[in-house]
Amino acid sequence: MGSHVVMELLAYLDGELSDRERARVEAHLAECSRCTAELEQLRMLRRELDATFDAALSPVRLPAAADARIRDRLRARTGPRPLWRLWQRRGLVAQALLAVCVLVFVFATQQTISPPLPAGPQETLVIGQDRLAPGSQAALRVLVHTAAEAAAPAAPIEGAEIVVRIGRTPGLASIAYTGRTDANGTAEVAFTVPEDLEGEASLVIETSSAGGEDRIVRPITITRDYKLFLSSDKSAYRPGQTIRVRALTLDAVGLRPAAGKEIAFTVFDPAGRRLEHRMVPGSDFGIAGFDFSLPPDAPHGQYALQAALGDTISERLVDVGAYELPAFRVAVETGRTFYGPGQRVTGFVQAECFFGKPVADGQVTLRGYVGAPERVQVVQVLGDTDDQGRFEFTFDLPPSLGRGATEEPVSFDLEVEIADMAGQREGIRRVLPVAAQPIIISAVPENGLLEPNVENVIFILTSYPDGRPAQTALKVSVDGREHLLSTGPYGLAEFRHVPMGSSTRFHIHARDAQEAEGDAAFTVESDRAPQTLLLRAERAVYEVGDTLRAEALLGGVGEAATSSVYLDVVRAGQTVATLSAPVEDGRAVFALDLDGTMIGALELHAYSVLPQVVRGSSGDDGSVMNLWEDSAFVQDARLVVVKAPRQVAVAVTADREEYRPGETAYLQVQTDRPAALGIGVVDESVYAIETQPPGFARAYFLLEREFLERQAPGLDLPALLDAEAEIQAAQDMAARAAWADVPAAGFTLSVQSVAEPQEDTDAQVVLSNQLGLLLVLLPLILSAVVARGLGPTGVLGRALRRVAVGGLMLCVASPLVALVVGGGMWGLWAAIGAGAPVAILMVVVVLWGGLTIHGWLRRDTRVQLATGLLAAYLALGGLLVTLAARGGDPHTVLLALIVVTFLLAVAALTTLGQGLVLEGWRRSGWATTLLGLLLIPLVVYLPFVPGLASGLTWSVGNPTLYAGPVGWLVGCAYAPTEEPMEAESSPEAAVEATAVPAELTEAPAVEEPAPTPAPTASPAPSAGEPFPLRQVFPETLYWNAEALTDEDGRLALDLPLSDNVTTWRLTALASTQDGELGVASYDIVVFQDFFIDLSLPPAVSRGEEVVVTVTLYNYLPQAQIVQIEPTPDRWYHLVSPPPQALTLHPNDVATARFTIRAEQSGRFSLQVRAAGEGTFDAVAREVTVEQ
Amino acid sequence: VAVSAQNPIPHACGGPFRAFVIPLGWYRACVSAISFVNRTSSDTKAGGVPTEDLIRRFQRGQPRAFEALYDRFKDYVYRTAFFITRNSGDAEEAVQETFLDVLRALPNYRVEGPARFETWLYRVTVNRCRSRMRRKSLPSADWDDVEERLERIPGSHPNHDPEGVALRRERAVALWQAVDGLSEAHRVVVLLRYQQELSYGEIAQALGISEGTVKSRLYYAHRKLRQQLQAAEGELGEEKVVGVT
C-alpha cells in the first residue's frame, strides 16, 4: 500500500489523470478506506458544486439593454455600415417583394395579351397591307360573312357595321372609317393614314352584325418608302477629278420631296472597297449633293456611287480612266434603217467640231464587217469630206447576208473613221440590221398564258428589222379560220380569241403599205386551271381625272357559282381603293375615278371568293389563309399607269448665242413655278457619253424599275409618257402588251378572320401605364437607398462630387467623348448589328451578378437593395418596352418622367459606385459605376432592335438626351454645320457663290498650270492683248445640286466661262415641293476665230522625248501666217523646234509638231503661243514628268 | 376551333432518358445522406454552425458571422464576468470590452491552433474582469439575487420531502457563500471548472498558469469549501455530516 492519494482524488474524478496515475490511484483506493471515503465526499461536493453553479448562474443572462448596446458597438466596428442593422433583413425582403412584383406583372401581361377567344356565327375577313405610308390614302378589303357549317355555306352579311380605327396604340386609335357592308358583305373601306403617325401603329377593325361582333387588332408599320434618283455631272472621270453627285428623293407614295432626311452617300472603287461614306442632310426639296475627289493615283475602272435613304438604295456606275476627249463628232446616216440581202446602201458621213464648225477635207475610211464572233470585212469605201464636213457613200451588201435559217435580222457593222487636216482621228460604229423578211411579227397573249373558255386578247406587234413599228395589214389564221386585222402607227393590234384546246396555233401574215411582207407562226399554251379569272383594263395609261374602266371575266365557273368579283387597287405596295362588282354573264365591270393620289403605277388585283371555298376552309381552324392556296380562289392582276397632270416647264435663255473663252455668260432659267434646280454645265464632248435621256428622271419616279425592265422591244417608256394625244391609244396598247404578264403580288398582310386572337389592348395601355409608374418610382427608391446608404459612412458628399466632376470632365471633352463613345457604339452596331445590345446586356448582367455576390458576401444591404432594385427595373423596363412595341405606349407625361428618372437611376448607380470606391471596395465600386454608365448605350440601342421600336424606346434611346446636355455645356460642340449653298432669298448670289468654287475646285485638280510659271514669256492678260493665256480646261464647268428659283420661278445664272473652246451643255432638272419634275437642256457655244490646241500625253518619263502636236484652227476670213513659239522653261529641252511659220487659209486646220525632252521630274506646265496677223492665242497644258 | 397540336414523336422521352435519370437520383440521395452524416458528426454547438466555421467566415469578410459568435457566447461571457466582478454593471462593461477585444484580435486568430476558441475567449474575459476589478466596486444587487435564487431552488418532488428540500437549499446557499468566500484565484478556477466545464489544460491556458497550479488550486479550493461547509454546519449545530480529519 503506497502513500495516500488525497491530492490526486479530484483529478481522478475529473478524469484528468494519465492512465498510469489512474491505475495507481485505483490500486490505492482498493486498499485504503480513508481515501475511498475522501473520494466519496469529494464526489458529493462536486455534484453539489455542479448543481449550485447551475442553479446560481444558469439564469444569469446578459441583460437585453446591455445586449443591444454592445451589439450596436460591435456593429459599428464590424463595418462602417450603420445601415446594416437597419436593413439587415429588409434587403432580402425587398428583393423577394420585387421579384414577386415582376412575376405578378409578367403573369398579368400574359393574361392581357392572350385572353380567351369568343367565337361567333359571324366571321370577318380583312385583306390589305401592314405597311402604310403616312398621309396617304389607304383602303382595306373587309368581308363579313356567316361562319360556314356543314349544313349551310358561308353567306355574306349585308348591313354589318364596320368601324376602322388607327392609332399609335389600339387604345388610342381614332376612328378612320365607319360604314356598312353591301349585299356582297363588303364595303369600300378607304381612309387617310394620319400624317403625324410614323412607326409602329395599330389597326383596329370592328365589325358587328346580328351574327355577332368581331374585333381585329393588327400591328402595322407606318413608314415612308422613298424613291431616289441619283445623278452625276459626268459618267467618265479622270483620276484627280471630282465626282459631283446629286440625289433627289421623293417619297414613294405621295411623290413629295423627302425633306430633311439624311441621305447616305457611298463611293466604292472597282475592287468594291468603300472609299467614302457620308451622311448629307436633304433639303426641303429632297435634294442632297455630294462631291468626291478622286485621288490622282486612283485606280482605273468602274466606280459605284451609292445613295441610300432608309431601305432605298440607288446606285450609279461611273468609269474612271485616262480617256481622251474626242476632237470632233462623227455621224453616219444611211438611206434606210434596215436592208435586205444584196441591197444597195446609200448614205453620208458628217463630221463636226464640238464648237460647231464642220471638219472639211477629212479623209474618210468606211469599212463594213459581218459575222460574230470573228468578223470578216466585206466592204471598204474611201473618200474626203467636203466643205460642210459631209461625205456621201454607196455600196452593195453581200447577197448571201441575212438569208439564214431564222427570221431574225443579222447585223452588218459599219465602221467609219475620219482623219482631219491636222491628222486627228475619230470614228463611229453603226449596226445595220439585214433581214430576209422586212417585217418581224411577235405575239404576246394578254395574260402570258391563254385563259381557256374566255375571250383572250393577244397583242400582235409588227416591226421592221431596225425595231421601228410597222403599220401593217394582218391576216391571222387560227383553228382553220382567217381573221383580218391591222396594226396601228405603233405596229400593234389586238386579236380577240376564245381558246378551246390546251394549246392554240396561230399563223400571222403581215403586209405594209410598201408591200413589204412578213409571216410568223406561234403556239400558245392554255392555262389549265379549271376556273379562271381574267382581268382586263380598258387602257394602260391614264391621266388624273380619267375614269379607269376594267372588266373581270370568269371562265369555267358555273353561272350561279359566284356572286361578285373584288378588285383591289394597289399603289406603291399599299391598297388605295377596293371595289366589288356583281358577276353578270360571267363578267364583272368596274369603274374607278382617278384622282391625284393615284399617280404612278397601279396594280389591279381582281379575285373572287367562291362559296364552296369558304365552306371547305372554315371547317378546320377558321382561318381563311388557305383560300389563297386553293385553286378555286381565282385571281388576276394588271398594271396601269396614271400620269401626273402637269410637270414643271423649264426654259433656259442666254444673253448671247456665242461666247468667247473667259467671258461670263448671263443665263436665265425660268420655271413655271418655284422649284429647286439641279444644274450641271458639262463639256458636250464628255456629255455625249451620258446614258440616261433627259426625260428619264420623270419616268423613273412614275414607274417602278421592274416595270421599266419589262419594256417590249421597240417601246420607249419615257417617250410613251410624254407622248402626244393622237398616238395615245397605240401607246396604250403597247404598254398593255409590255405589262401583259405581271405576277400577282401585293398583299403583305392580310387575311384574318374572327378566330384570330383578340387583344384587349386597352388593358395593355393601363398595364403599361402602371408599369411606367413603377419605372418612375424605382429610380427614386434607388436614389433614396444610395443616399441613405452612403450618408452614414460620410462618403455621400464626396461620391456626389466625384460624379459631378466626372460629368464635368466629360462635358469639357465632349467632342472627343462623343466621337469615341458614339463611334464605338456605331462600330459595334456595324460589326454585330442587333447583337450589340445583347452584348451590352450581357456585360450588364455579368456586372450585376458580381455586385449581387458582393452584396451578399459582405452583407452590404445597400448593394443588395441596389441590385435588387436594378434587376426589377431592368425586368420591368424590358416588359414595358415589349409592351410598348406591341402598341401599349404609356402616357406622354409618364414617358417624360421615365426618361428623367432613368437618368436619375444612372446617376444614383454611379454615385453608389463611387461611394463604394471611397469606402475601399474598389472593384465593386467601379463595377457599379460601369454598370450605371452601361445602361445608357443599352437604351440607346433599344429602338434599333427589331420589334422593340416604339415611342418609349425612341424617347429613352435618343442619344441627344445624353450627348445633348454635354453639348449645351460646351456651347457650339454640337452646332449643326451650315450648308454653304443655302441662300434662298437671293438665288443669284447663291449661284455666283457656288459658280466660282465649282471652277476652282475642278481646275486645280485637273488642268491648272504648274506652280512654276514660265518667267520670260508670260503672255498673261496684259493690256492690248485680246486673248490671254488659256490654261483652265475643266470638263465640268458648273455644278449645283440645288439652286432655288425665286417666287416667279426665275433663276439668274452668271456663268464665268473657262478657257475651253467647245459647246457646253447645261442640264437643269427641276423639282418642286409637290414632287413635280421637269427637265431642260441648253447648249452654250464658246468659240473664237483663231485658236490652238495642244496634245501631249498627261504623263511622261524623265529623259523621254515627246512629240507635242499643236493644232491650229483658223476661222478668220483671211489667211494667216502663224508663228508658233513654245515658251522656254527649265524643265524641258527643245529637241526639235516647230516650223518657223505656217500659213493657214480661212477655215483651215493645220498641225505643227515639235519635240521636247523632259529634264526634271514633277508637275509642270507647257505653254505654247501662236501669233498671226493681229491675232493671237496661248495655251498652257499641264504635264507630269515621272522619274 | 384549334389545330390539333400533335407531338411528332409521342412518348419519345421514355426509355433511355429515364434510365439515366434513376442512377442520377440515387447518386444524389447518397451524396445528401453522406453530407448529412458528416454534418451531425462534426463539432457543433446547439445544432448551429461550428464555432470554427463562424470564425473562418468572419475572417473571410462576413460581419454577420461575428454577430453569431457574439450571440453564441455572450451569456457565458457575461456569467463569467458577473461571477468574477460580482457587479452586473462591471460585468456588462467587461462583456463589451471582451468582445471588442475579440473583434480586434479575431482576424489574426488561428483556428487551426492548439487552443479552443472558448479558452481564448475566457482568458480575454478574465483579463478584462481583472483589470476592471482594480477599480473596486461593490457587489451589485443582482449578486445578492443569486443567493436568494438558491434559497428558492425548487425540489424535484416538492410534496415528497419538504425537509430534504429545505436542507438542500440551505446547503446550496452555504456552498455558494463558501465559494464566494474563496480567494479570487480559487473562485475563477472553480468557475471555469464547474460553470464553463473547461478541462485542466484549458483552464491553465485561459488563466495563463500551469496545469499543476490548476490542480493544486482546485485541490485547495475544494478543501476550503469543505471546511467552510463544515463550519457552517457547525454553526447550525447539526453534526450530521461526518467530519474529515
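Heavy atoms only: backbone and side chains are in, while hydrogens, waters and symmetry mates are out. To find a chain, count down the sequence lines: A is the first, B the second, and so on, and within it residues start at 1.
- Smallest separation of non-hydrogen atoms from F53(A) and Q195(B): O-OE1, 3.6 Å.
- Between chain A and the options L175(B), L225(B), V146(B), the largest number of non-hydrogen pairs under 4.5 Å is found for L175(B).
- Rounding to the nearest 0.5 Å places CG of L191(B) at 6.5 Å from CG of L57(A).
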- Message: Show, in sequence, the C-alpha distance, side-chain angles and deciding distance for I70(A) and K74(B), and conclude whether the side chain to side chain contact (heavy atoms under 4.5 Å, CB included) test is met.
- Response: CA-CA 10 Å; I70(A) 295 167; K74(B) 63 177 184 192; over 6 Å; no
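- The two atoms that bring P59(A) and R149(B) nearest to each other are CG-CD, 3.6 Å, heavy atoms only.
- Within 6.0 Å of atom OH in Y219(B), more than 12 heavy atoms from other residues, nucleotides or ligands are found, so the atom counts as buried in its surroundings.
- For the pair L49(A) and H222(B), the minimum side-chain heavy-atom distance is below 4.5 Å.
- Contact annotation for R193(B): only side-chain heavy atoms (C-beta onward) come within less than 4.5 Å of a heavy atom of chain A.
- In this structure, chain A has no heavy atom under 4.5 Å from any part of V214(B).
- Salt-bridge formation is not detected for the pair E16(A)/K215(B): no Lys NZ or Arg NE/NH1/NH2 atom is positioned less than 4.0 Å from an Asp or Glu carboxylate oxygen.
- Looking at L9(A), there are no atoms closer than 4.5 Å to chain B (heavy atoms on both sides), in backbone or side chain.
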| Given R171(B) and E48(A), is the salt bridge (Lys or Arg N to Asp or Glu O under 4.0 Å) satisfied, shown in steps? | CA-CA 9 Å; R171(B) 271 192 70 91; E48(A) 280 179 323; 2.3 Å; yes
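- Interface remark: R104(B) contributes side-chain atoms only to the contact with chain A (heavy atom separation under 4.5 Å).
- Looking only at atom types and distance, the side chain of D54(A) has no donor-acceptor partner in the side chain of Y194(B) under 3.5 Å away.
- Each of Y200(B), F83(B), F66(B), F82(B) has some count of heavy-atom pairs under 4.5 Å with chain A, and the biggest count is that of Y200(B).
- Of the inter-residue distances, the one linking R75(A) atom CZ with Y70(B) atom OH reads 9.5 Å to the nearest 0.5 angstrom.
- Here the straight-line distance linking atom OG1 of T52(A) with atom CH2 of W176(B) works out to 8.5 Å at 0.5 Å rounding.
- When each of L45(A), D50(A), D14(A) is checked for heavy-atom pairs under 4.5 Å with chain B, D14(A) comes out on top.
- Summarising the local packing, CZ of R69(A) is surrounded by more than 12 heavy atoms from other residues, nucleotides or ligands at distances under 6.0 Å.
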Query raised in the report: Step by step, would you call E38(A) with R226(B) a salt bridge (Lys or Arg N to Asp or Glu O under 4.0 Å)?
Result: CA-CA 11 Å; E38(A) 178 78 18; R226(B) 274 219 314 248; 2.5 Å; yes
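- Considering every non-hydrogen atom in both A55(A) and L150(B), the closest pair reads CB-CD2, 3.8 Å.
- If you take OH on Y78(B) and CZ on R61(A), they are separated by 12.0 Å, rounding to the nearest 0.5 Å.
- Residues of residues 85-94 of chain B lying under 4.5 angstrom from chain A, judged on non-hydrogen atoms, are E92(B), E93(B) by number.
- Looking at L100(B), both its backbone and its side chain come within 4.5 Å of chain A, counting heavy atoms on both sides.
- A donor-acceptor pair under 3.5 Å is formed between the side chain of R79(B) and the backbone N or O of S58(A).
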